[in-house]
2 protein chains.
Amino acid sequence: MDTPLREPTFLILTALATGPMHGYGLIGEVAALSGNRVSLRPGTLYGALDRLVDAGLVEVDGEEVVDGRLRRYYRLSPGGEATLSAETERLRRNVEAATSRLSARTRAARPITPRTAGGLA
Amino acid sequence: MDTPLREPTFLILTALATGPMHGYGLIGEVAALSGNRVSLRPGTLYGALDRLVDAGLVEVDGEEVVDGRLRRYYRLSPGGEATLSAETERLRRNVEAATSRLSARTRAARPITPRTAGGLA
DNA sequence: CAGCAATATATCGGATACGAAGGTATGTCG
DNA sequence: CGACATACCTTCGTATCCGATATATTGCTG
């Protein structure tokens with residue numbers, strides 16, 4: 001499980017953390033929690049779901065027929081919850097590293113970059 | 001620029017936020033700021049650098065010869081700094097969304113998920 | 001001095017995920 | 001009936017990433 005999740009996959013797991021949801025509903029939920037910036041395409045969604053089910057991170061929760069249309073619900077597995085948790089921690093560390101370096105940059109207003117300060121051993 | 005950065009590319013920009021650095025040095029720096037979890041391979045590094053230079057996010061800062069070996073320094077461009085900043089914000093929002101949903105899950109110990117609560121319009 | 005490790009560059013091929021587009025089916029609205 | 005929205009799924013092309021490999025120079029070791 002050392003393959004880092006990409007954004008669409010991460011958001012799918014995040015959406016499912018709220019509770020079981022069907023495929024088409026995930027498209028709307030992911031759009032909502034990303035502020036309408038990420039719009040999942042069916043190809044991305046079902047490809048990702050197949051992979052996640054195959055990896056045991058997501059399970060099929062059941063099916064339902066509403067107005068003659070099939071709804072297949074997916075649910076986060078315990079392993080999926082653990083993976084999402086670990087991925088979140090990883091991202092949090094990256095965000096912190098980038099934030100501190102960016103703020104240091106702003107504070108210093110980018111001086112002449114002392115290249116003679118010794119390499120990073 | 002709506003293509004989200006993958007982790008290796010994000011970490012390269014983060015490393016360069018500290019100051020100019022040469023390719024091989026980036027491998028060590030990225031390893032360091034990721035807690036030795038991400039080890040950049042040459043193929044990833046130079047492929048990413050070419051793409052970043054091509055996209056105007058990174059610029060060649062100059063070259064230096066140390067012990068007969070060429071060192072090509074790269075530097076974060078203003079556009080690269082803006083992109084890194086925007087990407088960091090995006091990740092921060094994703095981390096926050098995942099964190100709140102995961103903690104809500106833990107608190108509720110996963111009840112019966114009210115599926116009849118109405119679809120997300 | 002021959003061989004190997006380390007530094008530092010670069011390239012190639014395979015694997016995988018993602019995105020765009022299209023396809024099928026059902027129910028509702030005009 | 002035709003158009004549209006919901007809801008499922010598939011195929012194809014592209015981009016990114018990783019592993020392996022190649023090249024060149026210095027320095028250490030046998």
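So that the names make sense, note that chain A is the first sequence line, chain B the second, and so on, each numbered from 1.
- Contacts of G23(A) with the nucleic acid, taken as non-hydrogen atoms under 4.0 Å apart, involve only primed sugar atoms and P, OP1 or OP2.
- The nearest whole Å value for the distance from the CG atom in L40(A) to the C1' atom in dA21(C) is 16 Å.
- None of T88(A), L84(A), T14(A) except one satisfies the side-chain contact (heavy atoms from CB on, under 4.5 Å) rule with T99(B); the exception is T88(A).
- Here the nucleotide nearest the side chain of R51(B), chosen from dC17(D), dA8(C), dC8(D), is dC17(D).
- Minimum atom distance to the side chain of R72(B) is reached by dA10(C), of the listed dC18(D), dC8(D), dA10(C).
- Remark: R101(A) engages E29(B) in a salt bridge, criterion side-chain N to carboxylate O under 4.0 Å.
- Relative to the side chain of Y24(A), the nucleotides dT6(D), dA10(C), dG27(D) differ in distance, and dT6(D) lies closest.
- Nearest nucleotide to the R6(B) side chain, out of dC17(D), dA10(C), dG22(C): dC17(D).
- Residue P8(B) is in sugar-phosphate contact alone, with no base atom involved, counting any heavy-atom pair closer than 4.0 Å across all strands shown.
- Under the 4.0 Å criterion applied to side-chain N and carboxylate O atoms, E81(A) and R105(B) are assigned as salt-bridge partners.
- Here the side chain of T44(B) is nearest to one of dC17(D), dT11(C), dT26(D), namely dC17(D).
- Here the P atom of nucleotide dA7(D) and the OH atom of Y46(A) are 9 Å apart, to the nearest Å.
- OP1 and OP2 of dA17(C) both lie 4.0 Å or more from every side-chain N or O belonging to T9(A).
- Within 4.0 Å of R69(B), counting heavy atoms only, lies at least one base atom of the nucleic acid.
- Distances from the side chain of R71(B) to the nucleotides dA8(C), dA10(C), dC18(C) place dA8(C) closest.
- When the side-chain nitrogen and oxygen atoms of H22(B) are compared with OP1 and OP2 of dA8(C), one or more of them lie within a distance under 4.0 Å.
- Taking 4.0 Å as the cut-off between side-chain N and carboxylate O, R72(B) and E64(B) do not count as a salt-bridged pair.
- As rounded to whole Å, 12 Å separates atom P of dA8(C) from atom CG of L45(B).
- E7(A) places its CD atom 8 Å from the P atom of dG19(C), with the value rounded to the nearest Å.
- Salt bridge status for E7(B) with R6(A): absent, with no side-chain N to carboxylate O gap under 4.0 Å.
- For the pair R41(A) and G68(A), nearest-nucleotide mapping onto DNA chain C gives the more 5' position to R41(A).
- The separation between D50(B) atom CG and dC12(C) atom P is 12 Å, rounded to whole Å.
- Between the CD atom of E29(B) and the P atom of dA8(C) there is a distance of 14 Å, rounded to whole Å.
- Rounded to a whole Å, the CG atom of L70(B) is 7 Å from the P atom of dT9(C).
- Nucleic acid contact class of G43(A) (heavy atoms, under 4.0 Å, all strands): base.
- Look at CG on L57(B): it is 15 Å from C1' on dT16(D), rounded to the nearest Å.
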